[in-house]
Each structure stands twice: as structure tokens, then as C-alpha cells.
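This chain uses plain numbering: 1 for the first residue, then up along the sequence. As a basis for the values below, the full set of heavy atoms in this structure was taken, side chains included, without hydrogen atoms, waters or symmetry mates.
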Amino acid sequence: MMSSNAVNRTTAIGRLFTFKCRAFTEILSALLLLQLFAVLLSSTIFSTVTTSTFQEGFDVTMDTYSSDFVIVFTMLWGFLCSLNITTKAYREDDFLFVTNRFTSHVATILFLCAVSAAGGVTAALSGFLIRVLAYYIHDNVILSTAFGPGLFLMGAAAAAGYVLLSTAAGYLAGIIIQWHRAFKLLIPAVVIGLMSLRGADIAEQFRSFFYLESFFPMFAVKVLGMLVLVFGAGLLFAKRLEVRQ
């Protein structure tokens with residue numbers, strides 16, 4: 001049987017999670033607006049142009065439209081959203097309930113995971129809207145490779161995974177900044193320095209470790225493992241924070 005403390009903690013986490021879903025609707029509104037903006041850009045400006053020349057003497061130019069740009073925008077939203085939600089103003093709302101530091105951060109992590117997963121799925125779904133808009137805007141016939149529901153579900157899950165990774169990074173950065181204000185300047189300086197010196201290498205390592213993984217179960221294990229590490233590190237740093245600042 002579960003102890004009363006475990007039951008009370010689970011109940012508190014559930015109530016906080018429900019509260020955050022109802023109270024932070026502006027986060028989802030910002031996501032939808034950002035994704036719509038990215039959809040418009042993807043269907044008008046950001047497309048991959050491929051030109052092929054045939055022996056018969058004619059050229060074929062093909063524009064490829066995808067939801068990659070929307071996913072990148074959603075990752076940026078996830079990072080900024082989780083960074084903002086760790087601030088003092090957001091954390092103090094949790095103490096309207098009977099809670100402690102652990103339940104507050106667990107509820108926050110669950111909320112961030114839920115909205116990030118939803119954002120990843122909607123980003124994947126935006127690919128259909130991009131193709132429809134591109135068809136009517138450019139007045140061209142679009143030939144697209146058909147794919148089944150299984151392949152689409154894996155793509156949506158992968159997009160959600162990338163957004164979750166970005167969200168976890170923002171959460172950890174936000175917790176570290178709250179732990180000591182000096183990191184508010186130190187973290188951007190370190191990131192900019194690393195990207196300036198080793199940006200290409202870091203991007204290639206990320207690409208080979210996650211993006212080029214063709215076996216989806218292994219990709220899922222890598223994402224889940226990284227999420228556990230990053231969110232776990234965030235909880236460790238959070239233990240050094242006061243319950244209320």
C-alpha cells in the first residue's frame with residue numbers, strides 16, 4: 001500500500017499540473033501564433049530548390065516544402081518557455097497550493113513535457129498545411145511522396161523529441177540562473193563562445209547522435225536518456241534554491 005505522504009505528494013503534483021494547464025494558456029497561444037508565422041514563411045520563402053537537367057535539353061526545378069522550419073521555431077519556443085517558467089514570478093504561483101520544492105518542480109517538468117510534446121506533434125502536422133498553402137500561393141502542381149500513418153507517427157514523435165530536448169535545456173538553464181544570478185551573463189557567454197569556436201563540430205555531433213539515427217527505438221532511448229539527465233540535473237540544482245525567494 002502507498003503511504004499517505006506518497007498519496008498526498010501525488011495529489012499535489014496532479015493539482016499543480018492541472019493548475020498550470022489552465023493558468024498558462026498564454027504559452028499555448030504564443031506557440032500557435034509562432035507556428036502559424038513559421039508556416040507562412042515555410043510556404044512562401046523557406047523552401048528547398050532543386051534543379052535537374054535532362055539529356056533532352058530541358059530543366060526541371062522542384063521546390064520542396066517541409067515542416068522543418070516550424071519544428072525549429074517550436075524548439076526555440078520550448079527553450080524560451082521553459083526558461084521563463086522557472087522565474088520567481090511563475091514559481092510563486094505554485095505556493096497557492098500546499099506544496100514543496102520537489103512537487104513544484106515535478107509538476108513543472110510534467111507540464112513542460114506535455115506542452116512540448118503537443119507542440120512537436122502540431123509542428124509535424126503543419127507539413128500538410130504548408131503544402132496546401134504552397135499549392136495555392138505558387139499555383140504549381142505539387143508531387144509528394146505518400147507515406148503511411150506509421151511513418152507519420154514516427155516523424156511526429158521525433159519532432160516532439162527534439163522540442164522536448166530544447167525545453168529541457170531551457171529548464172536547466174533557467175534553474176541554474178535562479179541558483180546564482182551571475183550565470184545570467186555567464187551561460188550566454190559560454191554558449192556564444194562555444195558556437196563561435198566549435199559550433200560546426202557541436203552541430204555535427206548533435207546531428208550524428210540524434211538526427212542521423214535511423215533506428216527509431218534507439219533514437220527514443222537516446223532522447224529519453226538525455227531528458228532524464230538534463231531534468232535530473234535541473235532538480236539537483238533546484239534543491240539549492242529556497243522554497244520561496
Tell me every residue that passes side-chain contact (heavy atoms from CB on, under 4.5 Å) with Leu34, counting only those two or more places apart in sequence or in another chain.
Phe73, Trp77

Contacts of Phe111 that satisfy ring pair (Phe, Tyr, Trp, His ring centres under 6.0 Å) - sequence neighbours left out
Phe24

With sequence neighbours excluded, give me every salt bridge (Lys or Arg N to Asp or Glu O under 4.0 Å) pair touching residues 152-177.
none

Please name all residues satisfying side chain to side chain donor-acceptor pair (under 3.5 Å) with Ser82, sequence neighbours left out, ordered by chain then number.
none

Would you say Leu112 and Cys81 make side-chain contact, with heavy atoms under 4.5 Å?
yes

Residues forming a ring pair (Phe, Tyr, Trp, His ring centres under 6.0 Å) with Phe17, sequence neighbours excluded:
none

Working to the nearest 0.5 Å, report the span between OG1 of Thr167 and OH of Tyr162.
14.5 Å

Drop me the distance from Leu28's CG to Leu33's CG, to the nearest 0.5 angstrom.
11.0 Å

What's the separation between atom OG1 in Thr18 and atom CG in Leu110, rounded to the nearest 0.5 Å?
10.5 Å

Can you tell me how far the CG atom of Leu172 sits from the CZ atom of Phe237, to the nearest 0.5 Å?
6.5 Å

Interatomic distance, OG1@Thr25 vs CG@Leu31, rounded to 0.5 Å, equals 12.5 Å

Leu83: partners by side-chain contact (heavy atoms from CB on, under 4.5 Å), with sequence neighbours left out:
Phe79, Ala173, Ile177

Going by side-chain contact (heavy atoms from CB on, under 4.5 Å), name the residues that satisfy it together with Leu125, two or more places apart in sequence or in a different chain.
Val121, Phe128, Phe152

Steps toward side-chain contact (heavy atoms from CB on, under 4.5 Å) verdict (Val106, Phe231):
CA-CA 9 Å; Val106 170; Phe231 280 128; over 6 Å; no

What residues form a side-chain contact (heavy atoms from CB on, under 4.5 Å) with Ala107, not counting sequence neighbours?
Ile13, Leu16, Lys20

If you look only at pairs with a residue in residues 221-233, which of them pass as a side chain to side chain donor-acceptor pair (under 3.5 Å), with sequence neighbours excluded?
Glu213-Lys222

Considering non-hydrogen atoms only, spot the tightest contact between Leu76 and Ser166 and give its length.
N-OG, 4.4 Å

